[in-house]
Amino acid sequence: MYSYSNITTLRSDLEKGTVSAEGLTNETLSLIESKKHLNAFLEVFADSALAKAKEVDAKLKAGKAGRLAGLIVGLKDNICYKGHKVSASSRILEGFESLFSSTVVERLLAEDAIIIGRLNCDEFAMGSSNENSAFGPVLNPLNEKTVTGGSSGGSAAAVAAGLCHASFGSDTGGSIRQPASFTGTVGLKPTYGRVSRWGLIAYASSFDQIGPITHNVEDAAILLEVIAGADEYDTTASQKPVPAYSKTLGENKTYKIAYLKDCMDSEGLDPEVRKHTQAALDKLAAAGHTIVPVDFPYLDYLVPTYYVLTTAEASSNLSRFDGVHFGYRSKEANDLESTYKKSRSEGFGKEVKRRIMLGTFVLSAGYYDAYYSKAQKVRKLLRDKTMEILNDCDFIVTPSTPGTAFEFGKNSADPIKMYLEDIFTVQANIVGVPAVSVPNGQHSNGLPIGLQIMARPFDEAGMLNLAAKVIV
Ligand code: GLN
């Protein structure tokens, strides 16, 4: 069995001939089969992956292989790949096949990555534990009694269990970073607009970003270089040139780093997570960085603002799933109204329905001002306050999550409790700044703890440089 360490080493092993892309792909396919019980994959793309692997081996021989030659990657089941099924882990997309590839997939294939399959997630990326998938939860490979986090749970589990070298998720409020934190992997949410959303099934369009989950910071930097950049199909994708993130890793810079006192003092924070976060800050101080405690009096407004705005956007985005255009149609549909009503009632799961109803409510004529437009104003306030901190300091550091991976069912009865899992991650999406979660030691319960770093818009280079320094 090939022991994967990083993209650079993989490339030199492939060039030396100690491994082949086809050999690696076959090995990975057997490993996925032997770990089926984790439920990380919804589907394995064995045929197209093996065909690509053969093509990559030939290109390697001819000296024409792309930067990601032989890298085996998995896709969250909301990222479109032409000719392959995609379902957002929902029954409503049953049988639906992508008609085109997302820009991210196009760019990965152009650099010769091998796409091995689609990964389980919370339905329409709504959830923090992967318990909302129509196809069952994903087991955390580090402790199978606990969740992987969500919504990109399959993406995190697949990397942690070695079922692919890297994976891609989407992050609307923490869905890359929280599962990364629960599985001891690196999870990167880029600046809003850094990566094209073309071909990503939308949840909340002004929050969503695609990003990688990897074993290390260097791989995250290389993958971001490949997927980032302007895209004619997504007008929100920035025209800013893409820096060579992997080249600036290891730069010897000293930074001014803020931490939010309100986060560190928050009631729900596990004391051991607090201790490890403090230890990371102490280590950075000892290395010559300046650490500044700052006030962020709006912590309690983050989750409500997030849930008003994202559900509003979701209610609009998900209106297209109507039993006519895509996938599932109720067997009992016999006219237009029953087609809509029955297909949607049968096709969507409980959490998705809750959010569509909540979003429709906050957008309704009588409540629009009280909820939706108010939340937009709070979003502006949160952005101004966050940018005020980031004008003075290079980064903001927080724990990624209040605790470690929890047991199945623990938060299921109380949606608010589940929503509070996202208290530290939603800020970056509300504001649009980049954020990364890196492993920050182990809890006495044996599970990993994550540290989050947020940066100024488009400063992924600095953020990843710091991330590489703190990783434990
Ligand atoms: N857990 C959050 C939610 O349920 C975040 C989801 C995400 O980032 N896609 O909405």
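Just so you know, ligand 1 is whichever comes first in the structure, and atom 1 is the first atom listed for that ligand. Values reported hereafter were calculated over all heavy atoms of this structure, with side chains retained and with hydrogens, waters and symmetry mates removed.
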Which ligand 1 atoms, with their elements, are less than 4.0 angstrom from a heavy-atom of [X]?
| X | answer |
| --- | --- |
| Asp171 | 8 (O) |
| Tyr203 | 9 (N), 10 (O) |
| Ser151 | 9 (N) |

* Which residue holds the protein heavy atom closest to atom 5 (C) of ligand 1, what is that atom called, and what is the gap in Å? -> Tyr306 OH, 3.3 Å
* To do: Just need the protein heavy atom nearest to atom 7 (C) of ligand 1, so name the residue and atom and give the distance.
  => Ser175 OG, 2.3 Å
* To do: Please lay out, stage by stage, how Phe124 and Phe321 fare under the test ring pair (Phe, Tyr, Trp, His ring centres under 6.0 Å).
  => CA-CA 11 Å; Phe124 283 98; Phe321 303 103; 5.0 Å; yes
Do [X] and [Y] pair up side chain to side chain, a donor and an acceptor below 3.5 Å, judged on atom types alone?
| X | Y | result |
| --- | --- | --- |
| His84 | Glu43 | no |
| Thr404 | Asp270 | no |
| Ser133 | Asp122 | no |
| Glu123 | Ser90 | yes |

Below 3.5 angstrom, do we get any N/O pair linking [X] and ligand 1?
| X | value |
| --- | --- |
| Thr172 | yes |
| Gly150 | no |
| Gly173 | yes |

Does ligand 1 have an atom that lies less than 4.0 angstrom from a heavy atom of [X]?
| X | value |
| --- | --- |
| Phe207 | no |
| Arg355 | yes |
| Tyr419 | no |
| Asp422 | yes |

* Does Tyr307 approach ligand 1 within less than 4.0 angstrom via side chain, backbone, both or neither, non-hydrogen atoms only? -> side chain
* For ligand 1, note which part of Ala125 has a heavy atom under 4.0 Å away: side chain, backbone, both or neither. => both
* To do: Report the relative orientation of the aromatic rings in Phe45 and Tyr81; use parallel for angles under 30°, tilted for 30 to 60°, perpendicular for over 60°.
  => perpendicular
* Between CG on residue Leu224 and CD1 on residue Ile222, distance to nearest 0.5 Å -> 11.0 Å
* To do: Any chance you could measure Met463, atom CE, to Asn465, atom CG, to the nearest 0.5 Å?
  => 11.5 Å
* Taking the side chain from Ser175 and the backbone from Thr172, do they hold a donor-acceptor pair closer than 3.5 Å? -> no
